[in-house]
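One-based numbering, in listed order, for ligands and for the atoms of each.
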Amino acid sequence: MRCALAALLFLAAHAHAQSTKCLTSTVQVDETTRERHLIACDASFTENVLWHLDRADSIGGELDGVYRRGLTGRGAVIYVADTGVLQAHNEFQRGAGSSVIHGIHNPNIGFPTFPCGENPALTPCNVGVMHGTAVASLANGKALGVAPDAKVIAVIAGDPSWEWINSMNMIIKHAFDPSTPPFRTAIINYSAYLNVRPENRAAVDERIRTMVNGVDANGNPDPNGKRFFFVIAGGNAATPYQDGSGRSTPTQCGANGEIIHRPSVLAPEIDGLVSVGAITKENRFWEYTCRGASLELAAPGADVFIASHRANDLYRLDPVFANSGSSYAAPYVSGIAALHLELDPTLTPQQLEAKLKASPSKAEGLPVPVAPANPYPKRRSVR
Ligand SMILES: [Ca+2]
């Protein structure tokens, strides 16, 4: 306890305190969708809009309306393997351009429609980037992100079968490109397309293990090559749309609410791959998050404030479609992993997993990763 207290005091000493209470305004986008503008954040406001950041400096789980931001993920690279990211969103704008520095999209697949195909209320259903934009904003957004100084590469993961291998191979190719920021270990966040068909499982498992342990530019095992830390959403039970339609998403959990899909189910077997479940402001499981023996970490993922793909200045908090899920817990963890890499870029995926699991903060008996202390008192960044 004394050690944790000392760490907190140290964190407070070299951090910039920002209010997580914010003022927003509501925008009626169309008949069924309301979104928000983020106007300002200040202690005088009542709504703890950025509570996920508030949680990132809390050991006991209590929320005080403040995030003492120290490290920012400088030097870390996060591959957001998802539906694509709205690169131009204000959350990703920095002085010189976007923090989303590149996109990887296999031309062999059509433009993804997830999750529009499941929710006709989201019309026109022409933009697949809703989910990926939200996920990336929680890892890397200027106001919302745990690691705003990290760099993001948006990988459109695409079809859940053979595309798994292709997207991983494209990530390796990109990692060795001379224009890519150099790294020893990068983070790959998978919050979408979590399904691997039985006939592809052996190949995907092998590819993940190889990437965790190091690959060369051709993707062959190389312990001195580049390594990848996998952060995987644990999946959600059937979740009702809150649009009055009575419909639900398909379940991703087993009969007892346990994680069953790959690769989350491999989390206990693979050191360097973690599965993440969603918790609420009350530090309890979000009711629809898959759990069980394969769930390793818990992180804020219920009623979180996310960037919207509909315009560069729009956000979502009202749960017309969804602003909760293990999808949004995973990028919080990817952001915390980026902070650890900022402190020590030589960390291996195995060491990153150990750091995250060693968090002194807990929820439902699982570790909740929190921001490590900042030893760089004068280094400030972002914006
Ligand atoms: Ca706090």
Are Ile188 and Val231 packed together at the side-chain level, in the sense that at least one heavy-atom pair is separated by less than 4.5 angstrom?
no
With side chains defined as the heavy atoms from C-beta onward, is the minimum distance between Thr24 and Ile39 less than 4.5 Å?
no
Contacts of Arg262 meeting salt bridge (Lys or Arg N to Asp or Glu O under 4.0 Å) (sequence neighbours excluded), chain-then-number -> Asp205
Q.
Atom NZ of residue position Lys357 - does it have more than 12 heavy atoms of other residues, nucleotides or ligands inside 6.0 Å?
A. yes
When rounded to the nearest 0.5 Å, the distance separating CG of Asn323 from OH of Tyr315 is 14.5 Å
A correct count of protein N/O/S atoms found below 3.0 Å of the Ca ion (ligand 1) gives 5
### Val274 side chain near Phe229 side chain, heavy-atom distance below 4.5 Å
yes
